[in-house]
K.L.:
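Take a look at the following structure, please.
Just follow the structure's listing: the first ligand is 1, and inside any ligand the first atom is 1. If you read the sequence from its start, that first residue is 1, and numbering goes on from there.
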Amino acid sequence: MRAAAGTTLTFEGRFASEFEELAVPWQAEEAPDPRLLVLNERLAFELGLNPADLRTPAGTRLLIGNLIPEGATPVAQAYAGHQFGGYSPILGDGRALLLGEVTDAHGQVRDVHLKGSGRTPFARAGDGLAVVGPMLREYLVSESMHAMGIPTTRSLAVVGTGRPVRRESMLPGAVLTRVASSHLRVGSFQFARINGDTGLLRRLADHAISRHHPAAAKAAQPYVAFFDAVIAAQASLVARWMLVGFVHGVMNTDNMTISGETIDYGPCAFMDAFNPGAVYSSIDQGGRYAYGNQPLIAEWNLTRLAEALLPLLHEDQEQAVALAVESLGAFGTQYSAAWLAGMKAKLGLGADANDDVAATLAEELLALLKDGEVDYTSFFRALSLAAGGATETARELFADPAAFDAWAERWLALAPDAEAMGRANPVYIPRNHLVEEALAAATAGDLAPFNRLAEVLADPYTERPGLERYAGPAPDDFGSYRTFCGT
Ligand code: AMP
Ligand code: MG
């Protein structure tokens, strides 16, 4: 594979060679008629890849693992995980492969990974495949998260395989080429804890420290510092989700990264009307992963990580538990601080604004939005106009604006910065009705609405004339939205 500068891009098989216990060498299934549906040219350049090369038949085959690049040893990764609270000791990549690691233009090591590349030894009853709609969905939502500055895995390409896949009906198959700072999950550590001696666990932790949290290596207690760093990264990440109204939908421990990147866009969605109970996943009947539960679930998942790491924290189990409990105690404080800092920015208040005043204002505002079933994203954009003196657009979102007026008077007394609010509150998010419209067209062969939406979402904070239909909530007839896990 020729890289952008005409040199050869080298894949490393670092995970594959260092973690034979966690990596099953495997080949991607041959696609009968591969067609490149979407290519992320900017990301390709960042990785040192030439987009023109990737658009050739050979490049497209490389993107789905049908042509193995130099140095690559594709592997299915083993991991365990708690799914909806129940423990599965063996999950692993049932339909995915790690192609290998590459070093990007900034010197960062990145995983290149395939999703939908065929059955692996971890496939259980699954067919190992993925279809066009959900893979384009992951592409859209992950790239939108990135554009909003939220840590996430990235999407390099979606390639149609030319192979029909049986779902509720027959659907066109596809492979997503995903890029991540790594695919290490809480579930990777759960698997290592159960299936290896402490040596494997320690090597995995050392690998994660060197890739993601190198400062921990220099701490007095490196593994405690590592755990603290994962807690900090997740507290910050989940705060970012909450601030933009994102519902991940399937926060199982196998879907929570060690890096602090959002991973596995399955039944995820952005809220329209503000509602702490918002659930979109058809299989989440108890609402375990509802919008408002996400911080609590993150903490629960990190407790599972603590259990896996115990032998590394201290040789005496009681002392190890005490250390883990102390570290976990910081999650709530860190989450609240990250959330409040973000909420202050959304409200146009400077970092020096009084925390208690800002927290009270924010909580009262969210109660008003909930009672009024107000569209979350539109409201904060309208509020930035209100900061400039034009309160009408925000007012009109409430059936009964009196309570909002009283709130706004107190908020305006703090002199919010309208311009700063424009930079903190996205106008374009992947709204469910727009995503569905784009995916339905793409599944039928028309990629124009998808490309247009992807372009709009790439610049979420700059309001542009002519894009009004991308900025508002779903029309009333869109109904209640459900996403499906059988992706
Ligand atoms: P998820 O919670 O969607 O990330 O996936 C949970 C587990 O199911 C992982 O081990 C996946 O690899 C596996 N899986 C999901 N869909 C399929 C499929 N169609 N074929 C095989 N394995 C799958
Ligand atoms: Mg997963």
K.L.:
Under a 4.0 angstrom heavy-atom cut-off, which atoms of ligand 1 come close to R124?
P.N.:
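What qualifies from ligand 1 is 7 (C), 8 (O), 10 (O), 13 (C).
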K.L.:
Which atoms of ligand 1 are found less than 4.0 Å from any heavy atom of Q83?
P.N.:
6 (C)
K.L.:
Flag the pair F11 / T73 as yes when at least one side-chain heavy-atom distance between them is below 4.5 Å, and no otherwise.
P.N.:
no
K.L.:
State, with a plain yes or no, whether a side-chain heavy atom of L237 is found less than 4.5 Å away from one of T262.
P.N.:
yes
K.L.:
Starting from the Mg ion (ligand 2), count all protein N, O or S atoms within a radius below 2.8 Å.
P.N.:
2
K.L.:
In terms of atom number and element, which parts of ligand 1 are under 4.0 angstrom from non-hydrogen atoms of D264?
P.N.:
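Here the atoms of ligand 1 in question are 4 (O).
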K.L.:
Testing the basics here: between G277 and A290, what is the closest heavy-atom pair and its distance to 0.1 Å?
P.N.:
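The answer is O-CB, 3.8 Å.
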K.L.:
Return yes or no for this condition: an N or O of G94 is under 3.5 Å from an N or O of ligand 1.
P.N.:
yes
K.L.:
Without hydrogens or angle criteria, can the side chains of Q190 and H82 be said to hold a donor-acceptor pair below 3.5 Å?
P.N.:
yes
K.L.:
Looking at Y376 and K346, what are the two nearest heavy atoms and their distance?
P.N.:
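Heavy atoms of Y376 and K346 come nearest at OH-CE, 3.5 Å.
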K.L.:
Run the numbers on R110 and E101 for salt bridge (charged side-chain N to carboxylate O under 4.0 Å, His left out), then give the verdict.
P.N.:
CA-CA 5 Å; R110 317 269 293 260; E101 304 93 8; over 6 Å; no
K.L.:
Test F84 against Y289 for ring-ring contact (aromatic ring centres under 6.0 Å, His included), laying out the working first.
P.N.:
CA-CA 8 Å; F84 291 91; Y289 299 140; 4.9 Å; yes
K.L.:
Flag N252 as yes when one of its N or O atoms lies below 3.5 Å from any N or O atom of ligand 1, and as no otherwise.
P.N.:
no
K.L.:
Might you point out which heavy atoms bring V238 and A298 nearest each other, and give the distance in Å?
P.N.:
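In terms of heavy atoms, the two residues are closest at CG2-CB, 3.8 Å.
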K.L.:
Start with the C-alpha gap between E143 and R42, add the side-chain angles, then the distance that decides, and say whether salt bridge (charged side-chain N to carboxylate O under 4.0 Å, His left out) holds.
P.N.:
CA-CA 11 Å; E143 287 305 305; R42 269 212 236 166; over 6 Å; no
K.L.:
Applying a heavy-atom cut-off of 4.0 Å, say which part of D127 lies close to ligand 1: side chain, backbone, both or neither.
P.N.:
both
K.L.:
A123: heavy atom below 4.0 Å from ligand 1, yes or no?
P.N.:
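Yes; A123 lies near enough to ligand 1 that a heavy-atom distance drops under 4.0 Å.
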K.L.:
Please state which part of Y79 comes within less than 4.0 Å of ligand 1, counting heavy atoms only: side chain, backbone, both or neither.
P.N.:
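The side chain, only.
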K.L.:
Could you tell me which atoms of ligand 1, counted from 1 in the order shown, lie closer than 4.0 angstrom to a heavy atom of D93?
P.N.:
12 (O)
K.L.:
Would you call the rings of F246 and W241 parallel, tilted or perpendicular, taking 30° and 60° as the class edges?
P.N.:
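Ring orientation of F246 relative to W241: perpendicular.
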K.L.:
Using only heavy-atom distances, determine whether the side chains of S259 and S182 contain a donor-acceptor pair under 3.5 Å.
P.N.:
no
K.L.:
Applying a strict 4.0 Å limit to heavy atoms, is G128 in contact with ligand 1?
P.N.:
yes
K.L.:
At under 4.0 Å between heavy atoms, which part of R119 makes contact with ligand 1: side chain, backbone, both or neither?
P.N.:
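The answer is neither.
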